[in-house]
Amino acid sequence: MAAVTIHEGGKRSIHPGSGRRKTPVVGKGRQLDDRALVEVANLLDGRSRQRDLLIEHLHLLQDTYRCLHARHLHALAEVMRLPMVEVFEVASFYAHFDIVMDGEPAPAEMTVRVCDSLTCAMMGGETLKKTLQAQADRSRVRVVRAPCMGRCDTAPVAEVGHAFVDHATVESVTQAIDQGHTHVQIADYRDLADYRADGGYALLEACRKGERSADDVAGELKGSGLRGLGGAGFPAGLKWEIIRKQRKPRLLAVNADEGEPGTFKDRYYLERDPHRFLEGTLIAAWACAIEDIYIYVRDEYPGVIEILVREIAALQARGLDGGVRLHLRRGAGAYICGEESAMLESLEGKRGLPRHKPPFPTEVGLFGKPTLAHNVETLYWVRDILEKGRDWFASEGRHGRKGLRSFSVSGRVKEPGVKLAPAGITIAELIEEYCGGMADGHRFKAYLPGGASGGILPASMDDVPLDFDTLQEHDCFIGSAAIVVLSDKDSMREAALNLMHFFEDESCGQCTPCRNGTEKAVRLMQAETWDADLLGELSRTMMDASICGLGQAAPNPVLSVLKHFPDEVR
């Protein structure tokens, strides 16, 4: 067991399992709580104290005590040999950490989160939250808002503890609370045995045996036209070529932090066929001579995290990892960490603040090493493309486009969900052919082609091909292909305001144009009549001067409403 020895005069010796510190520590200034020091040292017994594990250790404390007591933060800083201010800054940056100052009561035993992002708001999420707050026994239950949980196809959504309530009602959430349904739910999925029975990992083994060359594999991926499906759309094969020219050691960072309102495709694939993703990930590591893989999963996906923990252990037990080290890391409720460089900062145990570019991650990435950064779905398609050939993937598509797209569709359609459809399909075709048409009693009015930041288009523009490079001329973009369908029952003013509230809450605060711009935009949009000139000027400033895509894209919904629905904001 780790131990803390209290010496005469208040000196302390920490003896963690790692033997990291052997010399006595003399408390100066803020006094350590001896009991908290023992609790933290014992909790971390046998665990590494390396700097990049700070967020993991904060999760451990939060899971154990339901919150982060200030005394535990102080003790954690001592045990990890970090400045207290650094520990506090990281803990306070992420929404899923609850800091409680000494002397304050801990949060209620049970936390209920109600999603307030666009689709859930359209389906009555705000009324649900207020009713639950009014009825809750606050000594036992606290009800709070939450941004998108990645379950937009089952809106409105609530989370009771770590259990989700889809199509939530006051009755169903109350029942979950009363019955204690708070634990992680695991979906039915293809485990390692099922995946192997269907030929899984045969391709990876063939690559390692030399039956496929790394050059051929990278070339096949490049020839397929596969692009980054997290939103940026950078050609995947070209990224492999670039990273293969960089110095060693190289790293692979996988972005499974899809926090864009309206997006849930990565969760869909990981909950059903995790090994198809894992095999693609290991093939990428083999082709690019990478020995360490870091998978960053959003904290809102506890089921996915549990599945990956199980299945990574299973493939390691079978030796299928080939000596490649897989590190699973858990986010903590920060949309900004879906941005590539902010994810890298978070993986290093820091606040998720986007980096200035250049240098780009392929040159200076995670821990300063060349890093191949990929989205989950991009890696998910690697096996299929290599088995079926580049022409198979490239042959799919409509209206002159190539490839397949996984559209996350939510809103006013009969059959929301993940729809695997040809790239370049139009919204009219997508709704009718894949979603069963509009929901009863709703007439198509508008749609978001690329989630919260992708802009809003009117129903009259239902013939625009949905793909990379087809929407920019309309001041929109496809991003991660999150489609939210709105009807004549929805207010464009309220939709845009909901999205700007989201950006205001999720701005990391690093740069003034985004931090102050989103806040100012919300106030201007709350006016009865929008000041189009002032909003336009503010939007240009945010788009031109913000560090990353959050501030640069946040004005898109505002400008779309001003352009296509001016009568609603006059």
query = Within the distance-only criterion (no hydrogens, no angle test), does the side chain of D299 pair as donor or acceptor with the backbone N or O of G333 below 3.5 angstrom?
reply = no
request  = Would you name the heavy atoms of L448 and I456 that are closest together and state the gap between them?
outcome  = CD1-CG1, 3.8 Å
message = Applying side-chain contact (heavy atoms from CB on, under 4.5 Å), can you list everything that pairs with K520, at least two apart in sequence or on another chain?
response = R523, L524, L538
ask   = Does any N or O in the side chain of R190 come within less than 3.5 Å of the main-chain N or O of D273, such that one atom is a donor and the other an acceptor?
value = no
key: Residues in side-chain contact (heavy atoms from CB on, under 4.5 Å) contact with P105, at least two apart in sequence or another chain   = none
query = For E528, does the CD atom have more than 12 heavy-atom neighbours from other residues, nucleotides or ligands under 6.0 Å away?
reply = no
query = Do N556 and F477 have side-chain heavy atoms sitting under 4.5 Å apart?
reply = yes
inquiry  = Under the rule for salt bridge (charged side-chain N to carboxylate O under 4.0 Å, His left out), what residues qualify as partners of E339, not counting sequence neighbours?
reply    = K357
note = Taken to the nearest 0.5 Å, the spacing of L353 CG from Q510 CD works out to 5.0 Å
Within 6.0 angstrom of Q185 CD, more than 12 heavy atoms from elsewhere = yes
query = At their closest point, which heavy atom of L128 faces which heavy atom of T169, and how far apart are they?
reply = CD1-C, 3.6 Å
ask   = Counting only N and O atoms by type, is there a donor-acceptor contact under 3.5 Å from the side chain of H181 to the main-chain atoms of Q175?
value = no
request  = Return yes if some donor-acceptor pair links the side-chain N/O of S341 with the main-chain N/O of P354 below 3.5 Å, else return no.
outcome  = no
Nearest atoms (heavy-atom pairs only) where V173 meets V165 = CG2-CG1, 4.2 Å
task = Specify whether Y294 and H327 have parallel, tilted or perpendicular ring planes, treating 30° as the upper limit for parallel and 60° as the lower limit for perpendicular.
result = parallel
task = Starting at CZ of F502, measure out to CD of E260 and round the result to the nearest 0.5 Å.
result = 6.5 Å
Partner residues of E56 under the side-chain contact (heavy atoms from CB on, under 4.5 Å) criterion, sequence neighbours left out = L53, R329, R330
query = Just wondering, do V484 and C152 contact through their side chains at under 4.5 Å, heavy atoms?
reply = no
With C337 via side-chain contact (heavy atoms from CB on, under 4.5 Å) - residues at least two apart = Y94, D257, Y296, A334, S346
ask   = In Å, rounded to the nearest 0.5 Å, how long is the span from OG of S117 to CD of E506?
value = 8.0 Å
inquiry  = Would you compute the distance between atom OG of S410 and atom CE of M122 and round it to the nearest 0.5 angstrom?
reply    = 7.0 Å
query = Got a sec, which residues hit salt bridge (charged side-chain N to carboxylate O under 4.0 Å, His left out) with R267, two or more places apart in sequence or on another chain?
reply = D153, E271
ask   = Is the shortest heavy-atom distance from the side chain of E340 to the side chain of N255 under 4.5 Å?
value = no
query = Considering all heavy atoms of both residues, which atom of G233 and which atom of R227 are nearest to each other, and what is their separation?
reply = O-NE, 2.6 Å
key: Under 3.5 Å: donor-acceptor pair, side chain of E348, backbone of L366   = no
query = Heavy-atom distance under 4.5 Å between the side chains of V558 and F503, does that happen here?
reply = no
remark   = In short, L499 meets A452 closest at the heavy-atom pair CD2-CB, 3.6 Å
inquiry  = Taking the basic N atoms (NZ, or NE/NH1/NH2) and the acidic carboxylate oxygens, is any pair closer than 4.0 Å for E159 and R151?
reply    = no
remark   = Rounded to the nearest 0.5 angstrom, the SG-CG distance for C476 and L466 is 10.5 Å
task = Assess whether ring pair (Phe, Tyr, Trp, His ring centres under 6.0 Å) is satisfied between H59 and F97, documenting all intermediate values.
result = CA-CA 8 Å; H59 274 304; F97 293 139; 4.9 Å; yes
ask   = With a 4.5 Å heavy-atom cut-off, do F164 and T154 have their side chains touching?
value = no
inquiry  = Restricting to non-hydrogen atoms, name the atom on A554 and the atom on M542 that form the minimum distance, rounded to 0.1 Å.
reply    = CB-CE, 3.9 Å
Under the salt bridge (charged side-chain N to carboxylate O under 4.0 Å, His left out) test, residues paired with E377 that sit two or more places apart = K265
query = Regarding E415 and Y434, is there a side-chain donor-to-acceptor distance under 3.5 Å anywhere?
reply = no
task = Assess R405 against F407: is NZ or CZ under 6.0 Å from the centre of the six-membered ring, and within 45 degrees of the ring's axis?
result = no
task = Would you check if the side chain of S546 reaches a backbone N or O of M543 as a donor-acceptor pair within less than 3.5 Å?
result = no
request  = Compute whether any side-chain donor of one residue and acceptor of the other, for Y269 and S406, lie under 3.5 angstrom apart.
outcome  = yes
ask   = When you measure from the side chain of R515 to the backbone N and O of P513, does any donor-acceptor pair fall under 3.5 Å?
value = no
inquiry  = Test of understanding: with salt bridge (charged side-chain N to carboxylate O under 4.0 Å, His left out), list the residues that count as partners of E104, not counting sequence neighbours.
reply    = none
task = Only pairs at least two apart or in different chains count here, so list each salt bridge (charged side-chain N to carboxylate O under 4.0 Å, His left out) that has a residue in residues 480-494.
result = R412-D490
request  = Please list, chain by chain and in numerical order, all residues satisfying side-chain hydrogen bond (donor to acceptor under 3.5 Å, both in side chains) with E306, sequence neighbours excluded.
outcome  = R310
ask   = So, do T119 and F264 sit near enough that their side-chain heavy atoms are less than 4.5 Å apart?
value = no
ask   = Would you say the side-chain atoms of T518 and S507 include a donor-acceptor pair closer than 3.5 Å?
value = no
ask   = Which pairs pass salt bridge (charged side-chain N to carboxylate O under 4.0 Å, His left out) with one or both residues in residues 436-454, sequence neighbours excluded?
value = K414-D440, K445-E568
task = Determine whether L404 and W381 make a side-chain contact, defined as any pair of heavy atoms from C-beta on separated by less than 4.5 Å.
result = yes
request  = Mind checking the CG-CD spacing from D52 to E345? Nearest 0.5 Å is all I need.
outcome  = 12.0 Å
ask   = What class does the angle between the rings of H69 and Y65 fall in, given that below 30° is parallel, 30 to 60° is tilted and above 60° is perpendicular?
value = perpendicular
query = Around D188, counting heavy atoms of other residues, nucleotides and ligands shown, do more than 12 lie under 6.0 Å from its CG?
reply = no
message = For residues 139-148, which residue pairs pass the salt bridge (charged side-chain N to carboxylate O under 4.0 Å, His left out) check, not counting sequence neighbours?
response = D98-R142, D116-R145, R140-D178, R145-D505
request  = Taking the side chain as every heavy atom from C-beta outward, state whether H96 and E300 have any atom pair closer than 4.5 Å.
outcome  = yes
